Amino acid sequence: MDITIHTSSLPHDDPEAALAFYRDTLGFEVRSDVGQGRMRWITVGPADQPGTSILLAPPAADPGITEDERRTITEMMAKGTYGWILLATRDLDATFEKVRAADAEVVQEPTEQPYGIRDCAFRAPAGNLIRIQELR
């Protein structure tokens with residue numbers, strides 16, 4: 001069997017803020033940007049990994065979601081408990097400083113974890129937790 005990860009999804013509640021973070025701060029290329037206003041689906045990814053993408057999508061666009069579910073999603077996004085992703089880099093310190101310099105909300109500075117990895121964490125504009133671990 002030959003299976004790869006093609007696209008993972010994270011919610012956004014402000015497409016312009018999402019673009020500024022994922023494109024300008026993290027350095028991902030924009031692969032597609034469809035829709036209008038707050039109802040935009042934006043696909044981004046690392047330039048050197050054309051087969052792997054992150055879809056930044058409106059969180060409750062599915063017409064089958066109830067108003068209570070929309071409210072729950074909005075509350076979870078505000079607390080930063082709805083979406084997260086784990087990224088990796090060879091130079092964690094330089095990456096951390098670049099992301100921090102862009103005024104991203106720091107959740108955790110680079111830390112050696114007891115389970116054998118070194119990582120840091122930020123919160124993206126929509127509240128998504130972005131963990132970045134160091135490749136060794």
Side-chain angles (χ1 to χ4, degrees):
M1 192 180 308
D2 182 19
I3 298 176
T4 61
I5 296 173
H6 182 266
T7 305
S8 183
S9 179
L10 288 174
H12 76 72
D13 55 3
D14 179 340
E16 293 304 322
L19 271 174
F21 182 77
Y22 292 95
R23 179 193 59 207
D24 304 336
T25 300
L26 294 182
F28 290 160
E29 67 181 11
V30 177
R31 302 205 172 125
S32 69
D33 185 346
V34 299
Q36 59 187 3
R38 297 177 81 79
M39 295 302 284
R40 283 169 59 191
W41 287 260
I42 304 163
T43 305
V44 297
D48 63 347
Q49 297 177 46
T52 304
S53 299
I54 300 170
L55 172 63
L56 305 170
D62 185 329
I65 292 178
T66 68
E67 285 307 313
D68 284 343
E69 290 167 332
R70 278 189 179 83
R71 192 171 21 265
T72 298
I73 290 168
T74 300
E75 290 168 0
M76 291 178 71
M77 285 177 65
K79 291 191 316 188
T81 58
Y82 187 70
W84 67 276
I85 194 165
L86 177 61
L87 305 175
T89 183
R90 295 215 178 274
D91 189 345
L92 184 65
D93 294 318
T95 300
F96 175 81
E97 290 304 328
K98 179 182 179 198
V99 177
R100 179 168 60 179
D103 290 329
E105 179 187 344
V106 175
V107 174
Q108 175 198 303
E109 295 196 11
T111 303
E112 190 71 39
Q113 300 294 351
Y115 41 87
I117 64 162
R118 185 166 180 261
D119 69 353
C120 65
F122 293 92
R123 197 148 324 276
N128 300 314
L129 182 66
I130 310 297
R131 294 199 74 82
I132 307 172
Q133 73 181 43
E134 186 171 57
L135 293 174
R136 298 182 182 179

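Just so you know, these numbers come straight off a predicted model, no measurement behind them.
The local environment of CD1 in I5 is sparse, with at most 12 non-hydrogen atoms from other residues, nucleotides or ligands closer than 6.0 Å. In E112, the CD atom is crowded: over 12 heavy atoms of neighbouring residues, nucleotides or ligands sit closer than 6.0 Å.
Applying the ring pair (Phe, Tyr, Trp, His ring centres under 6.0 Å) definition to pairs two or more places apart or across chains, none involves residues 11-47. Applying the ring pair (Phe, Tyr, Trp, His ring centres under 6.0 Å) definition to pairs two or more places apart or across chains, those involving residues 91-136 are F96-F122. Within the structure, salt bridge (charged side-chain N to carboxylate O under 4.0 Å, His left out) pairs that include any residue of residues 61-70 comprise E67-R70, D68-R71 (at least two apart or interchain).
Cluster membership check: V107 does not share its hydrophobic cluster with L26, using side-chain heavy-atom separations under 4.5 Å among Ile, Leu, Val, Met, Phe, Trp and Tyr. L86 and V99 fall into different hydrophobic clusters, where Ile, Leu, Val, Met, Phe, Trp and Tyr are joined by side-chain heavy atoms under 4.5 Å apart, directly or via other members.
In this structure, CG on L135 lies 10.0 Å from CD1 on I117, to the nearest 0.5 angstrom. Note that CZ of R23 and CD1 of I42 are 9.0 Å apart. Values are rounded to the nearest 0.5 Å. Rounding to the nearest 0.5 Å places CD1 of I130 at 9.5 Å from CZ of R123. Annotation: the span from I85 atom CD1 to S8 atom OG amounts to 4.5 Å, rounded to 0.5 Å. One distance of note links CD of E97 with CG of D91; it measures 10.0 Å at 0.5 Å rounding.
L92 is not listed as a side-chain neighbour of Q133, based on a closest heavy-atom distance of 4.5 Å or more. Counting heavy atoms from C-beta on, the side chains of P11 and N128 come closer than 4.5 Å. Using a 4.5 Å cut-off on side-chain heavy atoms (C-beta onward), P110 and D93 make contact. Contact annotation: the side chain of R40 approaches that of D33 to within less than 4.5 Å [non-hydrogen atoms, C-beta and beyond]. Put simply, the side chain of I54 does not reach to within 4.5 Å of the side chain of S9, judged on heavy atoms. Counting heavy atoms from C-beta on, the side chains of L55 and L10 never come closer than 4.5 Å. Counting heavy atoms from C-beta on, the side chains of L19 and D24 never come closer than 4.5 Å. For the pair T43/V30, no side-chain contact is recorded, criterion being any heavy-atom separation below 4.5 Å from C-beta on.
Of the N and O atoms on the side chains of T89 and T95, at least one donor lies less than 3.5 Å from an acceptor on the other residue.
Listed here is the closest heavy atom pair of D13 and P125: OD1-O, 4.4 Å. Across all non-hydrogen atoms, the minimal contact from R131 to A121 is NH1-CB, 3.5 Å.
D14 contributes no side-chain N or O that, together with a main-chain N or O of R38, makes up a donor-acceptor pair within less than 3.5 Å.
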Evaluate T7 against T52 for side-chain contact (heavy atoms from CB on, under 4.5 Å), listing each step before the verdict. CA-CA 6 Å; T7 305; T52 304; over 6 Å; no
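Looking at E109 and R118, no side-chain N of the basic residue comes within less than 4.0 Å of a carboxylate O on the acidic one, giving no salt bridge. Taking 4.0 Å as the cut-off between side-chain N and carboxylate O, E105 and R100 do not count as a salt-bridged pair.
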